[in-house]
Novice: 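Got a structure for you, questions after.
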Amino acid sequence: MSKQHNENEANRKKEQLEQFTTDDRGKKLTTNQGLKVSEDEFSLKAGERGPTLMEDFHFREKMTHFDHERIPERVVHARGFAAHGEFEVYESMKPYTKAGFLQNPSQKTPVFVRFSTVAGSRGSGELARDARGFATKFYTEEGNYDLVGNNIPVFFIQDAMKFPDLVHALKPEPHNEMPQAASAHDTFWDFVANNQESAHMVMWAMSDRAIPRSFRMMEGFGVHTFRFINEEGKSHFVKFHWKPVLGTHSVVWDEAQKINGKDPDFHRRDLWESIENGDYPEYELGVQIVPEEDEFNFEFDILDPTKLWPEEDIPVKIIGKMTLNRNVDNVFAETEQVAFHPGHVVPGIDFTNDPLLQGRLFSYTDTQLIRLGGPNFHELPINRPVCPFHNNQRDGYGRQTINRGPVSYHKNSLAENTPATSTEKEGGYTHYHEKIDAHKVRARSESFKDHFSQATLFWNSMSAAEKEHIMNAFSFELGKVKNKSVQKQVVDMFANVSHELATIFADAIGVTPPAERKNSVTKSSPALSQENTVKSPKTRKLAVIIGQQFDGIEVTSVLNALTKDGVQAEIISDKLGTVHGSNGTELEVDHTFLTADSVLFDAVYAVGGSNEDKAFYKKAALFIYEAYSHYKPIGATAEGIKLLQIEGMENDPGVIYGGDSISFPSKFIEAIAAHRFWGREVV
Ligand code: HDD
């Protein structure tokens with residue numbers, strides 16, 4: 001296949017959307033009926049000071065449209081942000097699946113990805129402690145395939161029946177609608193303690209995974225076990241993973257809370273700006289594959305969505321790459337109106353009997369009916385497949401397709417029995433012929449009853465710093481819970497995961513520590529720790545704290561070296577305008593201490609300036625101290641050392657002092673890539 005052909009394929013969705021895109025710039029203002037408007041500021045009145053007239057159709061049309069501009073937000077995952085991109089497979093997956101988009105390495109499939117938080121409403125801050133949604137729509141030649149996942153590989157509950165209960169407990173409490181976008185309240189923890197299958201996901205939610213640095217730096221998981229089906233009809237169990245090329249990184253909790261105030265759009269801004277700058281976010285697609293005959297060879301049930309498959313036991317095979325390379329033109333039309341559904345599958349991908357997945361297969365279409373106002377949401381431009389679609393469905397709110405002819409039923413003779421069904425060979429979807437012989441029961445499978453082993457596996461896999469963050473998160477969340485009994489129940493529950501963990505947070509919240517409990521799980525999975533992730537300086541945001549009469553030669557050479565490695569420097573001083581270096585170097589200031597904040601950056605380069613007063617030094621020192629207290633890399637050169645507030649700070653890990661200016665840039669880049677330095681004693 002030629003390169004041109006691939007690009008054409010990748011652009012198919014873009015071209016389709018372009019047919020619906022309109023640019024109002026430079027055009028004449030009209031009503032929705034196309035009537036040219038002569039006056040758009042004043043309503044039609046009986047006299048200049050008189051009442052507005054009913055006759056004013058222009059006023060009524062404009063106002064009615066405005067009054068109806070809002071649609072219900074998603075019941076969960078309301079706050080989200082999305083981008084377009086493309087996916088390519090590295091090698092044919094033919095032995096495992098017949099899915100067309102996974103066959104040919106030279107084929108590009110357009111994708112649309114929406115990232116989200118779960119609990120908060122549409123306007124909530126993005127740095128909530130929460131799971132992140134990671135939903136991908138592949139516009140394949142065989143129809144849309146949706147991989148509707150999260151950045152956490154397991155779920156709180158095992159059966160979809162409990163989803164409304166979980167969400168009621170997690171969302172703001174109904175009597176006073178508080179707290180917004182937070183799990184730190186009584187009803188959530190009451191749910192946890194009384195639904196102990198949540199233990200494993202709660203461990204993830206209390207870990208750094210729940211406060212990602214960026215959508216570009218988090219993993220994605222399909223969570224459920226799905227099936228791959230090949231041409232011969234053979235089934236393999238499969239779990240899907242997205243691995244971010246930049247590695248998996250997080251912020252610290254104090255920082256997250258402050259970012260929510262300083263820039264509640266922090267994650268969407270990061271995604272938007274990266275794409276605008278051409279730093280396209282990339283994720284590799286990985287699969288864990290288990291042959292059908294091994295279904296019962298594990299110490300957990302592979303259908304249980306509260307269990308992951310340790311990567312050391314079942315390796316993740318990397319099979320392709322997704323690149324997000326285009327921002328949306330209109331957030332409402334695309335990001336808000338996109339409708340994902342785990343039931344949007346293509347031949348070669350099938351479901352398992354995971355009771356959480358089975359229930360999801362109902363909920364997603366159902367929710368779109370109320371959210372998008374009727375059964376024609378598939379016709380919204382963002383939701384249309386790029387391949388043809390024909391059937392006998394007709395009419396309904398907002399129908400756009402004009403179906404010709406009298407025949408809208410199957411079977412028929414008047415239209416030669418078309419639209420016609422397809423055989424499996426012709427690409428018709430057939431469900432996997434799984435044999436089922438069972439009693440109808442409302443029950444949890446015995447094999448789903450171990451709630452703690454993998455929660456402990458997760459705990460065992462954490463580094464010392466990660467464990468500390470988890471303990472602090474429990475102490476914070478339960479510190480906000482008012483009901484003593486709920487606090488006690490949670491302490492007792494998590495003593496089953498780790499006695500050490502439960503004891504520490506029990507102490508922090510004034511609850512009697514649990515009695516010593518034996519925990520036989522000693523296994524760990526290094527792949528679960530973010531300490532072992534990819535480290536790269538690329539796209540890291542550096543705050544350059546600089547004043548008048550800085551050392552021009554040094555700063556120019558350091559900034560050149562850093563930008564060459566992909567670090568993005570922004571100049572911060574106490575006034576906008578230009579700062580002047582000693583040798584005539586000039587730099588344009590991007591932000592002042594008022595408009596920028598330490599929590600919005602990954603690292604700080606303390607330069608200072610020989611011509612600055614005490615006020616400048618005070619603001620600069622505060623900025624740097626905050627970065628230091630969030631364990632961020634700090635580089636300081638001769639003049640900049642004066643900005644380091646604490647004595648001996650220059651000897652701390654991750655504080656690079658530029659005494660030796662030759663090796664300074666490379667040491668600083670290495671520190672920026674390292675992300676954070678947990679070894680610091682911070683009070
Ligand atoms: Fe869900 C939205 C992911 C369980 C019911 N879910 C939604 C979104 C994501 C997920 C990423 C946002 C999609 C978007 O950006 O538009 N959900 C998950 C994952 C789950 C999960 C990974 C567990 C493995 N969800 C789940 C269950 C149910 C739902 C068990 C109900 C039975 N989810 C919904 C929903 C939403 C939704 C109510 C709200 C908006 C929407 O569907 O389109 O149908």
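Indexing begins at 1, ligand by ligand and atom by atom, following the structure's order. Positions are given from 1, in the same order as the sequence printed here. Everything quoted here is computed from the prediction, not taken from an experiment.
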Novice: Return the residue, atom name and 0.1 Å-rounded distance of the protein heavy atom closest to atom 41 (C) of ligand 1.
Specialist: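 Protein heavy atom with the smallest distance to atom 41 (C) of ligand 1: Thr367 CG2, 3.4 Å.
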Novice: Give the atoms of ligand 1, by number and element, whose distance to some non-hydrogen atom of Val223 is under 4.0 Å.
Specialist: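 Selected atoms, number and element: 22 (C), 24 (C).
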Novice: Taking 4.0 Å as the limit for heavy-atom contacts, which would you say applies to His341 with ligand 1: side chain only, backbone only, both, or neither?
Specialist: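 Neither part.
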Novice: Going by an N to O cut-off under 4.0 Å, is there a salt bridge joining Glu73 and Arg122?
Specialist: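 So Glu73 does not pair with Arg122 through a salt bridge.
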Novice: Kindly confirm or rule out a cation-pi arrangement of Lys137 over Phe340, judged by NZ or CZ under 6.0 Å from the six-membered ring centre and within 45° of its axis?
Specialist: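 Yes, Lys137 and Phe340 form such a contact.
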Novice: Taking atom types as modelled and ignoring hydrogens, do the side chains of Tyr429 and Glu142 form a donor-acceptor contact shorter than 3.5 angstrom?
Specialist: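 There is no such pair between these side chains.
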Novice: Where is the nearest protein heavy atom to atom 38 (C) of ligand 1: which residue, which atom, and how far?
Specialist: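 Checking every protein heavy atom, the shortest distance to atom 38 (C) of ligand 1 gives Val75 CG1, 3.4 Å.
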Novice: Mind checking whether Phe191 and Phe156 have ring centres under 6.0 Å apart?
Specialist: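 No, the ring of Phe191 stays outside the 6.0 Å limit from the ring of Phe156, centre to centre.
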Novice: Just by distance, with hydrogens left out, do His341 and Thr365 show a side-chain donor and acceptor under 3.5 Å apart?
Specialist: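 Side chains of His341 and Thr365: pair found under 3.5 Å.
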Novice: Quick one: sort the Phe134 and Tyr283 rings into parallel, tilted or perpendicular, breaks at 30° and 60°.
Specialist: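 The arrangement is perpendicular - the two ring planes meet at more than 60°.
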Novice: Of the protein's non-hydrogen atoms, which lies at the shortest distance from atom 30 (C) of ligand 1, and what is that distance?
Specialist: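 Minimum-distance protein heavy atom for atom 30 (C) of ligand 1 reads Leu356 CD1, 3.4 Å.
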Novice: Show which atoms of ligand 1 fall inside a sub-4.0 Å distance from at least one heavy-atom site of Phe340.
Specialist: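 Answer, ordered by atom number: 13 (C), 14 (C), 15 (O), 16 (O).
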Novice: Pick, from Phe81, Phe377, Phe155, the option with the minimum heavy-atom distance to atom 23 (C) of ligand 1.
Specialist: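 The option holding the nearest heavy atom is Phe155.
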Novice: Would you check, one step at a time, whether the test side-chain hydrogen bond (donor to acceptor under 3.5 Å, both in side chains) holds for Gln180 with Ser121?
Specialist: CA-CA 8 Å; Gln180 180 55 246; Ser121 52; 3.2 Å; yes
Novice: Atoms of ligand 1 less than 4.0 Å from His224 heavy atoms?
Specialist: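 In order of number, 24 (C).
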Novice: Just to be sure I understand the site: which N, O or S atoms from the protein are less than 2.8 Å away from atom 1 (Fe) of ligand 1?
Specialist: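 Less than 2.8 Å away from atom 1 (Fe) of ligand 1 sit Tyr364 OH.
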Novice: Is the distance between the ring centroids of Phe215 and His267 under 6.0 Å?
Specialist: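 Aromatic pair counts; centres sit under 6.0 Å.
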Novice: Going by the atom numbers of ligand 1, which of them fall below 4.0 Å from some non-hydrogen atom of Arg74?
Specialist: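 Contacts of ligand 1 toward Arg74, numbered from 1: 14 (C), 16 (O), 40 (C).
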Novice: Heavy-atom distances under 4.0 Å are what count here, so tell me which part of Asn150 touches ligand 1: side chain, backbone, both or neither.
Specialist: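 Under 4.0 Å from ligand 1, Asn150 contributes backbone and side-chain atoms.
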Novice: Would you check whether Gly149 reaches within less than 4.0 Å of ligand 1, judged by its heavy atoms?
Specialist: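 Yes, Gly149 has heavy atoms under 4.0 Å from ligand 1.
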Novice: Show which atoms of ligand 1 fall inside a sub-4.0 Å distance from at least one heavy-atom site of Arg114.
Specialist: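 Those of ligand 1 that fall under 4.0 Å from Arg114 are 14 (C), 15 (O), 16 (O).
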Novice: Can you sort out which atoms of ligand 1 are near Ala160, meaning under 4.0 Å from one of its heavy atoms?
Specialist: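 Heavy-atom distances to Ala160 below 4.0 Å select 32 (C).
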Novice: With no hydrogens and no angle check, do the side chains of Thr117 and Arg79 hold a donor and an acceptor under 3.5 Å apart?
Specialist: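 Looking only at side-chain atoms, Arg79 and Thr117 do not form any donor-acceptor pair under 3.5 Å.
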Novice: Have Asn383 and Gln368 got a donor and an acceptor in their side chains that come within less than 3.5 Å?
Specialist: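 Judged by distance alone, the side chains do not pair up.
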Novice: Should Phe266 and Arg213 count as side-chain neighbours, where that means a heavy-atom distance under 4.5 Å?
Specialist: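 Contact flag for Phe266/Arg213 side chains = yes.
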Novice: Under the side chain to side chain contact (heavy atoms under 4.5 Å, CB included) rule, collect the residues that match up with Asp313, sequence neighbours excluded.
Specialist: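 Residues passing side chain to side chain contact (heavy atoms under 4.5 Å, CB included) with Asp313: Pro310, Lys523.
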Novice: Is there any N or O on Gln368 that sits under 3.5 Å from an N or O of ligand 1?
Specialist: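 Yes, Gln368 has an N/O under 3.5 Å of an N/O on ligand 1.
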Novice: Can you see whether Ser525 engages Glu312 through a side-chain donor-acceptor pair at a distance of less than 3.5 angstrom?
Specialist: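 The answer is yes; a qualifying pair exists.
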